[in-house]
Amino acid sequence: MLEFTTIPALRGWVFEQRTAGRRIGFVPTMGFLHEGHLRLVDEARRRTDAVAMSVFVNPLQFGPGEDLDRYPRDLPRDRALAAGRRVDALFVPEAAAIYPPGAEVLVVPGATADRWEGAVRPGHFTGVLTVVAKLFHLVAPDVACFGQKDIQQATLVRRMVRDLDWPVEIVVVPTVREPDGLALSSRNAYLGPEDRQQAVGLSAALRAGHDAWTAGERDASAIEAAMRARLAMFPGVRPEYISLVEPEALYPVAEALPGTIAMIAARVGSTRLIDNIILGQGLV
Ligand code: PAJ
(Lines give C-alpha, C1' and ligand atoms only; values in the text may rest on other atoms or scores of the structure.)
Protein backbone atom coordinates (compact mmCIF):
# COMPACT_ATOMS: atom_id res chain seq x y z
CA MET A 1 0.00 0.00 0.00
CA LEU A 2 1.28 3.44 -0.93
CA GLU A 3 0.70 6.36 1.41
CA PHE A 4 0.52 10.00 0.35
CA THR A 5 0.36 13.13 2.44
CA THR A 6 0.63 15.72 -0.32
CA ILE A 7 -1.73 16.59 -3.16
CA PRO A 8 0.94 16.37 -5.92
CA ALA A 9 1.97 12.88 -4.79
CA LEU A 10 -1.65 11.71 -4.80
CA ARG A 11 -2.25 13.26 -8.21
CA GLY A 12 0.82 11.40 -9.53
CA TRP A 13 -0.68 8.09 -8.42
CA VAL A 14 -4.07 8.97 -9.93
CA PHE A 15 -2.38 9.84 -13.23
CA GLU A 16 -0.57 6.48 -13.25
CA GLN A 17 -3.80 4.56 -12.68
CA ARG A 18 -5.56 6.46 -15.48
CA THR A 19 -2.65 5.95 -17.86
CA ALA A 20 -2.71 2.21 -17.13
CA GLY A 21 -6.46 2.19 -17.89
CA ARG A 22 -7.43 1.24 -14.33
CA ARG A 23 -10.79 2.20 -12.84
CA ILE A 24 -10.43 3.96 -9.50
CA GLY A 25 -12.57 3.25 -6.45
CA PHE A 26 -12.61 5.69 -3.53
CA VAL A 27 -13.51 5.44 0.16
CA PRO A 28 -13.35 8.73 2.08
CA THR A 29 -13.08 8.37 5.89
CA MET A 30 -12.12 10.23 9.03
CA GLY A 31 -10.08 7.24 10.23
CA PHE A 32 -10.22 5.19 13.42
CA LEU A 33 -11.24 2.46 11.01
CA HIS A 34 -13.66 -0.32 11.78
CA GLU A 35 -15.30 -3.12 9.84
CA GLY A 36 -17.90 -0.67 8.41
CA HIS A 37 -15.18 1.35 6.68
CA LEU A 38 -13.46 -1.84 5.52
CA ARG A 39 -16.67 -3.17 3.99
CA LEU A 40 -16.70 -0.03 1.84
CA VAL A 41 -13.17 -0.93 0.70
CA ASP A 42 -14.31 -4.47 -0.22
CA GLU A 43 -17.14 -3.00 -2.27
CA ALA A 44 -14.85 -0.51 -4.03
CA ARG A 45 -12.38 -3.32 -4.80
CA ARG A 46 -15.13 -5.52 -6.19
CA ARG A 47 -16.16 -2.76 -8.61
CA THR A 48 -12.83 -1.21 -9.62
CA ASP A 49 -9.14 -1.96 -10.24
CA ALA A 50 -7.38 0.43 -7.86
CA VAL A 51 -8.70 1.57 -4.47
CA ALA A 52 -7.86 4.83 -2.73
CA MET A 53 -8.86 5.63 0.84
CA SER A 54 -8.56 9.00 2.55
CA VAL A 55 -8.14 9.46 6.29
CA PHE A 56 -8.84 13.08 7.18
CA VAL A 57 -10.66 14.43 10.22
CA ASN A 58 -12.30 17.31 8.39
CA PRO A 59 -12.45 20.37 10.66
CA LEU A 60 -14.98 22.08 8.36
CA GLN A 61 -17.75 19.61 9.21
CA PHE A 62 -17.47 20.02 12.99
CA GLY A 63 -19.44 22.78 14.70
CA PRO A 64 -18.22 24.85 17.64
CA GLY A 65 -18.41 22.73 20.80
CA GLU A 66 -18.47 19.45 18.83
CA ASP A 67 -15.90 16.67 19.23
CA LEU A 68 -13.20 17.74 16.71
CA ASP A 69 -10.47 17.86 19.37
CA ARG A 70 -11.28 14.52 20.91
CA TYR A 71 -12.29 12.66 17.74
CA PRO A 72 -10.49 9.28 18.03
CA ARG A 73 -7.33 8.87 15.94
CA ASP A 74 -4.92 5.96 15.45
CA LEU A 75 -3.05 6.23 12.17
CA PRO A 76 -0.71 3.21 12.66
CA ARG A 77 -3.72 0.99 13.27
CA ASP A 78 -5.64 2.53 10.32
CA ARG A 79 -2.61 1.90 8.10
CA ALA A 80 -2.47 -1.78 9.08
CA LEU A 81 -6.22 -2.30 8.64
CA ALA A 82 -6.28 -0.54 5.26
CA ALA A 83 -3.28 -2.50 3.99
CA GLY A 84 -4.89 -5.73 5.24
CA ARG A 85 -7.94 -5.00 3.05
CA ARG A 86 -5.72 -4.29 0.04
CA VAL A 87 -6.18 -0.53 -0.19
CA ASP A 88 -3.75 0.58 -2.92
CA ALA A 89 -3.34 4.22 -1.93
CA LEU A 90 -3.90 5.80 1.47
CA PHE A 91 -4.22 9.60 1.41
CA VAL A 92 -3.56 11.27 4.76
CA PRO A 93 -3.36 15.02 4.18
CA GLU A 94 -2.61 17.76 6.69
CA ALA A 95 -5.46 20.22 7.26
CA ALA A 96 -3.31 22.99 5.75
CA ALA A 97 -3.03 21.06 2.47
CA ILE A 98 -6.81 20.76 2.18
CA TYR A 99 -7.65 24.23 3.48
CA PRO A 100 -4.79 26.61 2.66
CA PRO A 101 -5.08 30.05 4.24
CA GLY A 102 -7.54 32.23 2.36
CA ALA A 103 -9.69 29.39 0.99
CA GLU A 104 -13.30 30.62 0.99
CA VAL A 105 -15.33 28.77 -1.65
CA LEU A 106 -17.72 26.15 -0.26
CA VAL A 107 -20.16 23.58 -1.62
CA VAL A 108 -23.49 24.54 -0.03
CA PRO A 109 -26.26 21.94 -0.28
CA GLY A 110 -29.96 22.72 -0.53
CA ALA A 111 -32.92 22.13 1.75
CA THR A 112 -32.24 18.38 2.06
CA ALA A 113 -29.32 19.39 4.29
CA ASP A 114 -31.48 21.54 6.59
CA ARG A 115 -33.47 18.62 8.00
CA TRP A 116 -32.47 16.01 10.62
CA GLU A 117 -28.71 16.04 11.14
CA GLY A 118 -28.44 19.43 9.45
CA ALA A 119 -31.00 20.95 11.81
CA VAL A 120 -28.99 19.83 14.84
CA ARG A 121 -25.59 20.50 13.25
CA PRO A 122 -25.84 23.72 11.19
CA GLY A 123 -23.18 23.87 8.47
CA HIS A 124 -22.23 20.23 8.94
CA PHE A 125 -23.18 19.12 5.44
CA THR A 126 -21.54 22.16 3.84
CA GLY A 127 -18.36 20.90 5.49
CA VAL A 128 -18.97 17.35 4.31
CA LEU A 129 -19.82 18.25 0.70
CA THR A 130 -16.93 20.71 0.42
CA VAL A 131 -14.36 18.14 1.50
CA VAL A 132 -15.95 15.35 -0.54
CA ALA A 133 -15.97 17.61 -3.61
CA LYS A 134 -12.30 18.42 -3.12
CA LEU A 135 -11.41 14.76 -2.60
CA PHE A 136 -13.41 13.75 -5.68
CA HIS A 137 -11.42 16.26 -7.72
CA LEU A 138 -8.12 14.96 -6.37
CA VAL A 139 -8.88 11.24 -6.70
CA ALA A 140 -11.14 11.44 -9.77
CA PRO A 141 -12.83 8.16 -8.83
CA ASP A 142 -15.10 6.14 -11.11
CA VAL A 143 -16.87 4.76 -8.04
CA ALA A 144 -17.08 6.15 -4.51
CA CYS A 145 -18.49 4.12 -1.61
CA PHE A 146 -20.46 5.54 1.33
CA GLY A 147 -22.18 3.86 4.28
CA GLN A 148 -25.93 3.64 4.75
CA LYS A 149 -25.22 4.40 8.44
CA ASP A 150 -24.93 8.09 7.48
CA ILE A 151 -27.87 8.04 5.10
CA GLN A 152 -28.42 11.80 4.92
CA GLN A 153 -24.76 12.25 4.00
CA ALA A 154 -24.98 9.57 1.30
CA THR A 155 -28.20 11.16 -0.02
CA LEU A 156 -26.57 14.59 -0.21
CA VAL A 157 -23.44 13.27 -1.92
CA ARG A 158 -25.70 11.60 -4.47
CA ARG A 159 -27.54 14.85 -5.05
CA MET A 160 -24.30 16.82 -5.37
CA VAL A 161 -23.01 14.40 -8.00
CA ARG A 162 -26.29 14.56 -9.88
CA ASP A 163 -26.80 18.32 -9.61
CA LEU A 164 -23.19 19.07 -10.63
CA ASP A 165 -23.06 16.43 -13.41
CA TRP A 166 -20.16 14.54 -11.86
CA PRO A 167 -19.24 11.24 -13.56
CA VAL A 168 -18.86 9.35 -10.26
CA GLU A 169 -20.99 6.35 -9.36
CA ILE A 170 -22.07 6.59 -5.71
CA VAL A 171 -22.52 3.20 -4.04
CA VAL A 172 -24.27 3.01 -0.67
CA VAL A 173 -23.21 0.00 1.42
CA PRO A 174 -25.46 -1.52 4.14
CA THR A 175 -24.60 -0.72 7.76
CA VAL A 176 -22.23 -3.10 9.52
CA ARG A 177 -23.34 -3.89 13.08
CA GLU A 178 -22.11 -5.45 16.31
CA PRO A 179 -23.71 -8.85 17.08
CA ASP A 180 -26.28 -7.12 19.35
CA GLY A 181 -27.31 -4.71 16.58
CA LEU A 182 -25.36 -1.54 17.47
CA ALA A 183 -24.16 0.11 14.26
CA LEU A 184 -20.35 0.31 14.15
CA SER A 185 -19.12 3.88 14.53
CA SER A 186 -15.81 5.49 15.40
CA ARG A 187 -17.76 7.42 18.05
CA ASN A 188 -18.73 4.17 19.84
CA ALA A 189 -15.25 4.54 21.39
CA TYR A 190 -16.77 7.29 23.59
CA LEU A 191 -19.26 4.88 25.19
CA GLY A 192 -18.54 3.60 28.69
CA PRO A 193 -19.78 0.07 29.58
CA GLU A 194 -23.21 1.20 30.79
CA ASP A 195 -23.78 3.56 27.88
CA ARG A 196 -22.69 0.78 25.54
CA GLN A 197 -25.48 -1.44 26.88
CA GLN A 198 -28.04 1.34 26.48
CA ALA A 199 -26.82 2.20 22.97
CA VAL A 200 -28.36 -0.99 21.60
CA GLY A 201 -31.70 0.81 22.11
CA LEU A 202 -31.34 2.58 18.75
CA SER A 203 -31.16 -0.60 16.68
CA ALA A 204 -33.74 -2.28 18.93
CA ALA A 205 -36.16 0.57 18.17
CA LEU A 206 -35.49 0.29 14.44
CA ARG A 207 -36.10 -3.44 14.62
CA ALA A 208 -39.40 -2.85 16.45
CA GLY A 209 -40.43 -0.40 13.72
CA HIS A 210 -39.50 -2.87 11.02
CA ASP A 211 -41.36 -5.69 12.81
CA ALA A 212 -44.51 -3.54 12.93
CA TRP A 213 -44.13 -2.79 9.21
CA THR A 214 -43.54 -6.46 8.37
CA ALA A 215 -46.69 -7.32 10.35
CA GLY A 216 -48.64 -5.05 7.98
CA GLU A 217 -48.63 -1.64 9.67
CA ARG A 218 -48.34 1.13 7.07
CA ASP A 219 -49.23 4.19 9.15
CA ALA A 220 -45.95 6.05 9.72
CA SER A 221 -47.02 7.53 13.05
CA ALA A 222 -48.01 4.07 14.35
CA ILE A 223 -44.60 2.71 13.34
CA GLU A 224 -42.87 5.68 14.99
CA ALA A 225 -44.94 5.00 18.14
CA ALA A 226 -43.76 1.36 18.13
CA MET A 227 -40.18 2.59 17.88
CA ARG A 228 -40.64 5.06 20.76
CA ALA A 229 -42.25 2.37 22.91
CA ARG A 230 -39.27 0.08 22.39
CA LEU A 231 -36.83 2.91 23.05
CA ALA A 232 -38.60 3.69 26.35
CA MET A 233 -37.14 0.39 27.62
CA PHE A 234 -33.71 2.03 27.42
CA PRO A 235 -33.83 4.88 29.95
CA GLY A 236 -30.26 5.87 29.15
CA VAL A 237 -31.20 6.77 25.55
CA ARG A 238 -32.61 10.26 24.94
CA PRO A 239 -34.11 10.43 21.44
CA GLU A 240 -33.58 13.58 19.34
CA TYR A 241 -35.62 12.52 16.34
CA ILE A 242 -37.41 9.37 15.23
CA SER A 243 -38.92 9.68 11.79
CA LEU A 244 -40.02 7.85 8.67
CA VAL A 245 -38.91 9.62 5.49
CA GLU A 246 -38.81 9.13 1.75
CA PRO A 247 -35.37 8.42 0.22
CA GLU A 248 -35.03 11.32 -2.26
CA ALA A 249 -35.12 14.43 -0.07
CA LEU A 250 -35.83 12.82 3.32
CA TYR A 251 -39.28 14.38 3.73
CA PRO A 252 -41.45 12.80 6.44
CA VAL A 253 -44.08 10.42 5.06
CA ALA A 254 -47.53 9.48 6.33
CA GLU A 255 -47.54 6.05 4.69
CA ALA A 256 -44.64 3.61 5.05
CA LEU A 257 -43.80 2.01 1.70
CA PRO A 258 -40.95 -0.34 0.75
CA GLY A 259 -37.87 1.90 0.55
CA THR A 260 -39.12 4.30 3.22
CA ILE A 261 -36.30 5.06 5.67
CA ALA A 262 -36.76 4.85 9.43
CA MET A 263 -34.23 7.18 11.05
CA ILE A 264 -33.22 7.73 14.63
CA ALA A 265 -30.84 10.07 16.42
CA ALA A 266 -30.31 9.93 20.17
CA ARG A 267 -27.95 10.82 22.95
CA VAL A 268 -26.52 8.13 25.17
CA GLY A 269 -24.71 9.89 27.99
CA SER A 270 -22.82 12.65 26.21
CA THR A 271 -22.47 10.68 22.97
CA ARG A 272 -24.71 11.42 20.00
CA LEU A 273 -25.57 8.36 17.88
CA ILE A 274 -27.55 7.92 14.66
CA ASP A 275 -28.92 4.86 12.90
CA ASN A 276 -31.50 3.97 10.24
CA ILE A 277 -33.07 1.13 8.31
CA ILE A 278 -34.75 0.89 4.94
CA LEU A 279 -38.18 -0.72 5.16
CA GLY A 280 -38.15 -3.97 3.26
CA GLN A 281 -34.46 -4.47 3.96
CA GLY A 282 -34.40 -4.39 7.74
CA LEU A 283 -31.23 -4.82 9.76
CA VAL A 284 -28.76 -6.73 7.61
P1 PAJ B 1 -16.54 8.47 8.73
O2 PAJ B 1 -17.48 8.71 9.85
O3 PAJ B 1 -15.14 8.02 9.04
O4 PAJ B 1 -17.20 7.41 7.77
C5 PAJ B 1 -16.60 7.09 6.55
C6 PAJ B 1 -17.58 6.22 5.75
O7 PAJ B 1 -17.83 5.01 6.47
C8 PAJ B 1 -18.94 6.92 5.56
O9 PAJ B 1 -19.40 6.69 4.24
C10 PAJ B 1 -19.80 6.21 6.60
O11 PAJ B 1 -21.17 6.21 6.27
C12 PAJ B 1 -19.22 4.81 6.54
N13 PAJ B 1 -19.58 4.04 7.75
C14 PAJ B 1 -19.46 4.44 9.04
N15 PAJ B 1 -19.96 3.49 9.86
C16 PAJ B 1 -20.41 2.48 9.08
C17 PAJ B 1 -21.02 1.21 9.34
N18 PAJ B 1 -21.28 0.79 10.57
N19 PAJ B 1 -21.35 0.43 8.28
C20 PAJ B 1 -21.10 0.85 7.01
N21 PAJ B 1 -20.51 2.03 6.70
C22 PAJ B 1 -20.17 2.82 7.72
O23 PAJ B 1 -18.53 9.96 7.11
C24 PAJ B 1 -17.43 10.47 7.25
O25 PAJ B 1 -16.38 9.80 7.85
C26 PAJ B 1 -17.10 11.87 6.76
O27 PAJ B 1 -18.25 12.66 6.83
C28 PAJ B 1 -16.51 11.90 5.33
C29 PAJ B 1 -17.50 11.36 4.29
C30 PAJ B 1 -15.20 11.12 5.28
C31 PAJ B 1 -16.20 13.39 4.94
O32 PAJ B 1 -15.34 13.96 5.85
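Each ligand, and each atom within it, is numbered from 1 in the order the structure gives.
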Below the 3.5 angstrom mark, is there an N/O of [X], backbone or side chain, next to an N/O of ligand 1?
X: Lys149; value: no
X: Val128; value: no
X: His37; value: yes
X: Phe56; value: no
X: Ser186; value: no
X: Val132; value: no

Strictly under 4.0 Å, does any heavy atom of Pro174 approach an atom of ligand 1?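 Within the 4.0 Å threshold, so yes.
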Say whether His34 and ligand 1 are in contact under the criterion: heavy-atom distance to a ligand atom below 4.0 Å.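 Right, His34 reaches ligand 1.
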Atom pair CD1/CD1 of Ile223 and Ile242 - distance to nearest 0.5 Å: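 So the gap between those two atoms works out to 13.0 Å.
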Which distance, rounded to the nearest 0.5 Å, do you find between the CG of Leu156 and the CG of Leu250?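 That separation rounds to 7.0 Å.
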Who's closest to atom 23 (O) of ligand 1 heavy-atom-wise, of Glu43, Gln153, Met30?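 Heavy atom nearest to atom 23 (O) of ligand 1 belongs to Gln153.
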Give the single entry among Phe32, Phe62, Tyr71 that approaches atom 2 (O) of ligand 1 most closely by any heavy atom. Tyr71
Determine whether [X] and [Y] make a side-chain contact, defined as any pair of heavy atoms from C-beta on separated by less than 4.5 Å.
X: Arg85; Y: Met53; value: no
X: Ile24; Y: Thr48; value: no
X: Leu129; Y: Phe136; value: no

Suppose we measure from [atom] to each protein heavy atom; which comes out shortest, and what is that distance?
atom: atom 32 (O) of ligand 1; value: Gln61 OE1, 2.6 Å
atom: atom 11 (O) of ligand 1; value: Asp150 OD2, 2.7 Å
atom: atom 19 (N) of ligand 1; value: Val176 N, 2.9 Å
atom: atom 21 (N) of ligand 1; value: Gly147 CA, 3.5 Å

Salt bridge or not between [X] and [Y]? Use side-chain N to carboxylate O under 4.0 Å.
X: Asp142; Y: Arg18; value: yes
X: Arg39; Y: Glu43; value: no
X: Arg196; Y: Asp180; value: yes
X: Arg45; Y: Asp88; value: yes
X: Asp275; Y: Arg177; value: yes
X: Arg162; Y: Glu248; value: yes

Check [X] against ligand 1 and report side chain, backbone, both or neither, counting heavy atoms closer than 4.0 Å.
X: Thr175; value: both
X: Arg177; value: neither
X: Ser185; value: neither

Can you list the ligand 1 atoms lying under 4.0 Å from a non-hydrogen atom of [X]?
X: Thr29; value: 3 (O), 5 (C), 30 (C)
X: Phe146; value: 9 (O)
X: Leu40; value: 6 (C), 7 (O), 9 (O), 12 (C)
X: Val131; value: 31 (C), 32 (O)
X: Leu184; value: 15 (N), 16 (C), 17 (C), 18 (N)

Whether Phe62 and Tyr71 hold their rings parallel, tilted or perpendicular, with breakpoints at 30° and 60°: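 Taking Tyr71 first and then Phe62, their aromatic rings stand perpendicular (interplane angle over 60°).
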Just do the side-chain contact (heavy atoms from CB on, under 4.5 Å) check on Thr271 and Asn188 with the steps written out, would you? CA-CA 8 Å; Thr271 306; Asn188 291 351; over 6 Å; no
